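Source: prediction; values computed, not measured.
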Amino acid sequence: MTRRLAADTGTVVAVDLATSGLPFGAGPHQCPGRDHATAITIGILESVEGCQLTELNIDYEPSTALRIPAKLVVVR
């Protein structure tokens, strides 16, 4: 989910990029941090490979645009 400001009306519009099939956007409005975000995600996933979550109830950081776990507790 991301937000955009409509230049002509000043209205803030929420855009659900996940349902578009283009999570980083496309064309002239694609995310400039795509490669960085992908590298961070790969690093995190590689570091927890083979681990299991010990807590299934996950709290998330407050955000209207991102879904970031506040904490993930894992064991090998």
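Applying the 6.0 Å contact sphere to CD of Q52 captures no more than 12 heavy atoms from other residues, nucleotides or ligands. Counting heavy-atom neighbours within 6.0 Å of N57 CG, excluding the residue itself, gives a total of 12 or less.
Nearest approach of G10 to L5, heavy atoms of both residues: O-CD1, 3.1 Å.
Here CG of L72 is found 9.0 Å from OG1 of T54. Values are rounded to the nearest 0.5 Å. How far OG1 of T41 is from NE2 of H36: 9.5 Å, rounded to the nearest 0.5 Å. Here the straight-line distance linking atom CZ of R76 with atom CD of E49 works out to 8.0 Å at 0.5 Å rounding.
At a threshold of 4.5 Å between side-chain heavy atoms, the hydrophobic network of Ile, Leu, Val, Met, Phe, Trp and Tyr places I44 and I58 in two separate groups.
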